[in-house]
Amino acid sequence: MILLFHSHIHEKHADFLHTISYLRKLTNVSIEIHPIQGKTLKVIEAYLIGDTSALSKENLSALPGVASVVQISSDYQKISPQSNNQPKDFTYNQVTFSQETFHVFAGLCAVDTKDSVEAVMSALQSAGQVCTRMGAYKPRTSPYAFQGLGKDCLAYVFDLAHRYGIRVIAMEVTHERHIEEIHTRLEKMGNPTGVMLQIGTRNAQNFELLKAVGQQTTYPVLYKRGYGISLHESLCATEYIAHSGNHNIVFCLRGVKSIFSAPHRNLVDFAQVPIIKRLTKMPVCVDPSHAVGNREQDPLGISDVFHATAQGVISGANMVLADVHRAPPEALVDGRQAIALKDLPWFLEDIQLVRNTYQKRVALANARNESLCPNPLGFRQGDAAQTS
Ligand code: PEP
Ligand code: MN
């Protein structure tokens, strides 16, 4: 259960102290206090953790200073859309993420050379893009495979990002130390760009790493679903991040391991986009590159990666994460699935067509909803939609 206090109630207010001292006497329930800083107001929430089944919502609502009580019966206490007073969007380095916005993060699966980074960033800038992906720390199946350039490439990646107007780079971290390395380098360079910390599918239940990205709020988190665990287990993993204090999370679908996925690398799971949007407040990303895992094409020459992307976007995905490379056969990791850089404009145009159609679907649904139940405030879902 979550108790939300009135906005004029601060931590030393007599009503707050009275209510908290009452709550602390409850048996089998522990209390966590969370001051929440909104855009203009600061409000306090108290989380009641443990066995709250005997508590009455009405009685709790009547306690001094309490504005409202939210009953949370699921495991998704912090990520749920109703869970608390947290905003449902976040802005990082001038880029806003929500279940209405849309961004493409095309870039290198793994940073290999400076030239290769520059080729991608320059192409992104020409295409009007401000986000990318750049893997520096690569979790590989074999210890003999290329492990990524690690911290050695950070300086030129961040410098080039600045030069080409890139504001957010999705970058996987596999160890708490990597967060520190990224942070130190960015600070030393005067924060020329931003990083979204990516949790890869192999670390989907690495709870210590989840807590580490959750305990900092400087960088948002891109969480990739576990490829061999249930959706519920992956959502619980994102709850760890939010429970640790960081609510700026994007949930990424990237396919699941299945013998039935062949000839794709994973079974594409983008039909689950609306499920995440229904159960949580997180923006949803799709990664067609790691889901499909190859560059095979249909008879028209449209690749399966393009088609899978379209399936995610038509269902309302808020972000696309995709591997591109100027010369895919030369890529050190996942070249088989990378889109050739020369096809980036085609990829982006194809995506935009689908996104436009999704927005028409939103308008159609809104019109239907309004005809059934007129909305006096005139708010239409999707009005705030932006694209970059
Ligand atoms: C990646 O995006 O570089 C990656 C390794 O993806 P995943 O964790 O989904 O396999
Ligand atoms: Mn990869």
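Atom set for the values below is all heavy atoms of this structure, side chains included, hydrogens, waters and symmetry mates excluded. In each ligand, atom 1 is the first atom listed, and ligand 1 is the first ligand listed.
Checked by atom type, the side-chain pair Asp15/His6 shows no donor-acceptor distance below 3.5 Å.
For atom 8 (O) of ligand 1, the closest non-hydrogen atom on the protein side is Thr201 N, 2.8 Å. Among protein heavy atoms, atom 6 (O) of ligand 1 sits closest to Lys224 NZ, 2.9 Å. Among protein heavy atoms, the minimum distance from atom 5 (C) of ligand 1 is reached at Glu172 OE1, 3.6 Å.
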Problem set entry | Step-by-step salt bridge (Lys or Arg N to Asp or Glu O under 4.0 Å) determination, Lys114 to Glu118 | CA-CA 6 Å; Lys114 193 174 168 186; Glu118 182 153 19; over 6 Å; no
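Ion pair Arg265/Asp334 flagged as a salt bridge, since at least one NZ, NE, NH1 or NH2 atom sits closer than 4.0 Å to an Asp/Glu carboxylate oxygen. Ionic pairing of Glu208 and Lys211 is present here: one or more N-O contacts between side-chain nitrogen and carboxylate oxygen are shorter than 4.0 angstrom.
The aromatic rings of Phe306 and Phe347 are tilted relative to each other, their planes meeting at an angle between 30° and 60°. Ring geometry for His8 against His13 counts as perpendicular: the plane angle is over 60°, on a 0 to 90° scale with 30° as the lower cut.
Around the Mn ion (ligand 2), the protein contributes the following N, O or S atoms at distances under 2.8 Å: Cys109 SG, His290 NE2, Asp334 OD2.
Residue Gly200 has at least one heavy-atom neighbour below 4.0 Å for each of these atoms of ligand 1: 8 (O). Using a 4.0 Å cut-off to heavy atoms of Lys138, the atoms of ligand 1 that qualify are 1 (C), 3 (O).
Ring centers of His34 and Tyr47: under 6.0 Å apart, within the cut-off. Checked against the 6.0 Å centroid threshold, His307 and Phe270 do not count as a close aromatic pair.
In this structure, Ser261 contributes its side chain and His264 its backbone to a donor-acceptor pair below 3.5 Å.
Distances from atom 9 (O) of ligand 1 to the heavy atoms of His290, Arg254, Arg140 put Arg254 nearest.
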